[in-house]
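Heads up, the thing below is written out as structure tokens.
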Amino acid sequence: MNDTEFFPWSLEIFDHIEGSEEFKNLDPVISKYFYHVFIKIKRNYLAINHLFKGDWENSYIESIPLIRILAEGYFHFCYIIEETNKSFIPRGYNKLAELQSYTVAKNYNDLGTNLLPEEEDFVHKHYDEIKVEPNPPLYLSRIKRLVKKTHNEYLYTRVYNAFSSYVHFNPATSVIYGTQMEGRFVFNNIKENEPLFDSLKSHTDGIVIIFFTKLIDYLKIESLQEEFDKYYDKDKKVFKFKH
């Protein structure tokens, strides 16, 4: 398989997974969270590749925030399948959802004026009626705790954390949006940055590969394992690309 064949092949893997009985018959305790993170990862992956192939100049640059989200989805996926006490999963995520609603409602409340009727209802339901701030597990509310719990420090450092400056506004990242010309920097005159594109594609494909590896092993889809093993060396942790 060469590099350009990986994307269509990976879509076939997604389809095979979704069509399998193992995928359809998950533990009902975790199924809601498992399917949520699965479809989020898949759709992010599709969106990233759409930007890689975009018909507007250097569209791959805008994939950076989505690659960071892809990595975050993978951290949650690892937690969902690796947590030994599955009852912790719905309890923890419900508390996380409550905290997120509480925070939004509190900010509405602090705004104080000109709230829409539905915003006032939201404040009453998620802030006024709650006496104690919801307290989810720290490994769900603080990403570094989740990274440590799931042993994903390398991916966090090399992708999630490294890409933070491209997600939030940071003047230092302006270099990817222009070119130095005759002693001055010209915005939106962007030359193709092949090393950056190759790096973004490598990170994306790498996350999908380790996602497939864990997913196939977790679901025990034997037919898919055989297909996957044609291209992935588990011992060396290397995908067999031909350039």
Exercise for the section: Test side-chain contact (heavy atoms from CB on, under 4.5 Å) on Phe52 and Ser59 and set out the steps. Expected result: CA-CA 6 Å; Phe52 285 166; Ser59 57; over 6 Å; no

Exercise for the section: Would you please test Phe38 and Phe77 for side-chain contact (heavy atoms from CB on, under 4.5 Å) and show each step? Expected result: CA-CA 8 Å; Phe38 177 88; Phe77 167 75; over 6 Å; no

Problem - Residues Glu82, Lys214; criterion salt bridge (Lys or Arg N to Asp or Glu O under 4.0 Å); working and verdict - result: CA-CA 10 Å; Glu82 292 171 2; Lys214 276 191 174 288; 2.8 Å; yes

Exercise for the section: Step by step, work out the side-chain contact (heavy atoms from CB on, under 4.5 Å) result for Leu111 and Glu119. Expected result: CA-CA 11 Å; Leu111 191 62; Glu119 291 170 341; 6.0 Å; no

Exercise for the section: Kindly determine whether Asp217 and Lys220 satisfy side-chain contact (heavy atoms from CB on, under 4.5 Å), including the steps that lead there. Expected result: CA-CA 5 Å; Asp217 185 59; Lys220 303 288 190 279; 4.2 Å; yes

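Between Tyr102 and Tyr127, the angle of the ring planes lies from 30° to 60°, which puts this pair in the tilted group. Using a 30° and 60° split on the angle between ring planes, His76 and Tyr93 fall in the tilted class, from 30° to 60°. In this pair, Tyr160 and Tyr156 present their aromatic rings parallel. The plane angle is below 30°, not in the 30 to 60° band.
Looking at heavy atoms from C-beta onward, Tyr139 lies out of side-chain contact with Val147 at the 4.5 angstrom threshold. No side-chain heavy atom of Leu146 sits less than 4.5 Å from a side-chain heavy atom of Leu138. Under the 4.5 Å side-chain criterion, counting only non-hydrogen atoms from C-beta, Tyr74 is not in contact with Leu70. Ile176 has its side chain out of reach of Ile190: every pair of non-hydrogen atoms, C-beta onward, lies at least 4.5 Å apart. Phe88 is listed as a side-chain neighbour of Arg91, based on a closest heavy-atom distance under 4.5 Å. Taking the side chain as every heavy atom from C-beta outward, Asn58 and Phe197 never approach each other to under 4.5 Å. In this structure, Lys86 and Tyr33 have side chains that are not in contact, with every pair of non-hydrogen atoms separated by 4.5 Å or more. The side-chain heavy atoms of Ile89 and Val29, taken from C-beta on, include no pair separated by under 4.5 Å.
Tyr177 and Phe169 are members of different hydrophobic clusters when ILVMFWY side chains are connected at heavy-atom separations under 4.5 Å. Clustering ILVMFWY residues whenever any of their side-chain heavy atoms sit less than 4.5 angstrom apart, transitively, puts Leu196 in the very cluster that holds Ile67. Hydrophobic clustering (ILVMFWY, side-chain heavy atoms < 4.5 Å, transitive): Tyr60 and Val167 are in distinct clusters. A continuous path of hydrophobic side-chain contacts links Phe187 to Ile61 [ILVMFWY only; heavy atoms under 4.5 Å]. Note on Phe75 and Leu99: separate hydrophobic clusters, where clusters join Ile, Leu, Val, Met, Phe, Trp and Tyr whose side-chain heavy atoms are under 4.5 Å apart, directly or indirectly.
When every heavy atom of Ile207 is checked against every heavy atom of Leu155, the shortest pair comes out as CG1-CD1, 3.9 Å. Minimum heavy-atom separation, Pro136 to Leu96: CB-N, 3.6 Å. Between Tyr166 and Pro65, the shortest heavy-atom distance links the atoms O-CG, 4.5 Å. For Ile17 against Phe23, the heavy-atom pair with the smallest separation is O-CB, 2.9 Å. Closest of all the heavy-atom pairs between Gly92 and Leu140 is C-CD1, 3.4 Å. Phe6 and Ile209 make their closest contact through CZ-CG1, 3.7 Å (heavy atoms, listed as atom of the first residue, atom of the second, distance).
Under the 6.0 Å cut-off for aromatic ring centres, Phe163 and His203 qualify, their centroids lying closer than that. The ring of Tyr45 has its center closer than 6.0 angstrom to the ring center of Phe7.
Hydrophobic cluster membership of Val186, counting Ile, Leu, Val, Met, Phe, Trp and Tyr whose side-chain heavy atoms lie under 4.5 Å apart directly or via other members: Met181.
When atom types are taken as modelled, the side chain of Ser199 and the backbone of Pro195 share no donor-acceptor pair closer than 3.5 angstrom. With Glu12 contributing its side chain and Trp9 its backbone, the two residues share no donor-acceptor pair below 3.5 Å. Remark: side-chain polar atoms of Asn109 are not paired, donor with acceptor, to backbone N or O of Ala105 under 3.5 angstrom.
Summarising the geometry, atom OG1 belonging to Thr173 is positioned 8.0 Å from atom CD1 belonging to Ile64; distances are rounded to the nearest 0.5 Å. Atom CD1 of Ile210 and atom SG of Cys78 lie 7.0 Å apart (nearest 0.5 Å). Between the CD1 atom of Ile41 and the CD atom of Glu72 there is a distance of 10.5 Å, given to the nearest 0.5 Å. One distance of note links CG of Asn49 with CG of Leu11; it measures 7.5 Å at 0.5 Å rounding. Note that CZ of Phe122 is 12.0 Å distant from CG of Leu115, once rounded to the nearest 0.5 Å. With rounding to the nearest 0.5 Å, the separation of CD1 in Ile221 from CG in Leu215 is 6.0 Å.
Applying the side-chain hydrogen bond (donor to acceptor under 3.5 Å, both in side chains) test to residues at least two apart or on different chains, none of the pairs has a partner in residues 184-193. Residue pairs meeting the side-chain hydrogen bond (donor to acceptor under 3.5 Å, both in side chains) criterion with at least one member in residues 18-30, sequence neighbours excluded: Glu18-Lys42, Glu21-Asn25.
Under a cut-off of 6.0 angstrom, the local environment of CD in Glu222 is sparse, with at most 12 non-hydrogen atoms contributed by other residues, nucleotides or ligands. Enclosure of atom NE2 in His16 by more than 12 non-hydrogen atoms of other residues, nucleotides or ligands within 6.0 angstrom is indicated.
Ionic pairing of Asp121 and Lys125 is not present here: no N-O contact between side-chain nitrogen and carboxylate oxygen is shorter than 4.0 angstrom.
In this structure, a donor-acceptor pair under 3.5 Å is absent between the side chains of Asn152 and Tyr154.
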